[in-house]
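Report on the following structure.
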Amino acid sequence: MNIQKLTSLAKSAKTRSIVSLFDQKERINDFSLSTAHLYLDYSKQNINEVELNGLIEIAEDVGLSESITHQFDGHKINNTEGRSVLHTVLRAPQVVKQQVLGETLAKEVEAAEQQMAKIVEGVQKGVITGHTGQRFTDVLAIGIGGSYYGVKVSLSALEHYRDLSLAVHVIANVDGGALEEKLKKLNVETTLVVVISKTFTTQETMLNAKAVKQWMLSGAPEVSPTVNSLSTVIDKQWFAVSSNLEAVKTFGINEKHILPMWDWVGGRFSLWSAVGLPLALAIGNDNFSKLKQGAYEMDMHFKSTDFKDNMPVIMALLGIWNRNALEYPTLAILPYAHSLRALPGYLQQTDMESNGKSVSKSGDKLSWLTAPVVFGQEGTNGQHAFMQLMHQSDDIIPTDFIVALKGRSQYVENHKVLVANCFAQSEALMQGKTLAQVKRELEKCNLSADEISQIAPHKTMKGNTPSNTLVMELLAPETMGALLALYEHKIFVQGVLWQVNSFDQWGVELGKQLGTQILSAMNGVKDDSLSASSQSLVAKFLARV
Ligand code: F6P
């Protein structure tokens, strides 16, 4: 990307107040967009029309249109693993699947969709039951990373669409405390287990699956002396989503209960595949289809809209503007919705695992920074956690606010206050409060000039913090699908401009390798290749009482 052009574009923005940009009366119309159930207000970003057009030229110059076409057409854009990136096909009509995947693979995908829908229908109708014939009351999904986050964020986002007779739980962390917390709520005979793992080798998932299998086998009542309930309970109640069929069968899961994962679907983009089974069990086939439909609408918008009116492209370019031109290192994701409380965590993986790199696709060291540090939590909680820093530290933290105009709960006044706080925070981050303004306010408080001059500096707010506000009417399946697809495409566009491969994750390998090495040291195998610090920590563990 033309970093020189970007830097020179940003000269005046670095000393400009965002508020001054609103002298242009039409700003809100020119710096907002609507599509696929979402409205984006980006007028509080520190950017004017000339600068935005310059960003669009930079995107055009790197051939963004061609990159978008290549992705949707199945080019092997994941170059370090020689793979296509086609999660978008999973939410497209069958005719598109046939065009992109070819007849055979399209049929395989359709078969997997039908298999998944049948499982959901069978469980909901009580046709698919536990090994003692009882209806399932609970689903336990075991997975981590992309085999967990997409399901988790959507389960909480769409909790109002869930079938109340079937509780769906997700377990990811290898910490036994997390597992015990789940298992104590579950009944062996009425729990359906879904193990989600593309590789079926991930340490945490395999350990958790083994522990749950042991829990179930030891708790499974004998169905009949002749029938070995050990195999029956796993045979009947366990399902797996994986690309490693042999490993799944070796684990002992019924071959007919295995749903596929393809190498052209990245883990963190896999919700749209059979990875979404626990979600579909929770919200039903129709709502899962609506989720995919919403994502597909965003796909079509992304593929066919000029960059200046293209929501994912605009969000991506604003992110590049804040990260590389204005040099802000972080991004806050602040959903003002309890239902979206898992969104910041989900986007940490989707964004930082995709673009947290410093080497280009061709292996050259990059001369620019890439993914920001993404953090956040649901509003209004964040206002009582980190908003102090956002308002009064010298760090400027660009923010994405996300809010639904209509709430789900009966507490209408609470929702109005929630929305008011969301709007107020973006206004406060932009407006700030100068020393003069603080002093004028304090003069009305019967304080002496001395008292005012002492306290006033502590009450000033820097302001000039840029933000997007994403607004939806209501958080429904199709809106959630569009929202997730929006961020997927935003991150894809940023990867193109940063020239990184957004679809591998070699950075997680060293931690896994050292984890195995340190585990054996903790089993007593001396390892002098470890640092003195790690060796002493291992010794501490071994000396534990
Ligand atoms: O976080 C690393 C990672 O490889 C993710 O990309 C992936 O979603 C997760 O681990 C789980 O991998 P698997 O689905 O193979 O268990």
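Atoms within each ligand, like the ligands themselves, are counted from 1 in listed order.
- Other residues, nucleotides and ligands place more than 12 heavy atoms under 6.0 Å from the CD atom of E81.
- Under the 3.5 Å distance criterion, the side-chain polar atoms of H87 are left unmatched by any main-chain donor or acceptor of V265.
- Note that the OG atom of S467 and the CG atom of L334 stand 9.5 Å from one another [nearest 0.5 Å].
- Listed by first and then second residue, the salt bridge (charged side-chain N to carboxylate O under 4.0 Å, His left out) pairs involving residues 259-283 are R268-E353 (not counting sequence neighbours).
- Evaluated for a side-chain contact (heavy atoms from CB on, under 4.5 Å) with F136, the options E189, Q124, Q237 yield exactly one hit, Q237.
- Listed by chain and residue number, the protein contacts of ligand 1 are I144, G145, G146, S147, S197, K198, T199, T202, G267, R268, Q349, E353, Q505, V508 (heavy atom within 4.0 angstrom).
- The number of heavy atoms from other shown groups lying within 6.0 Å of CZ (F200) is above 12.
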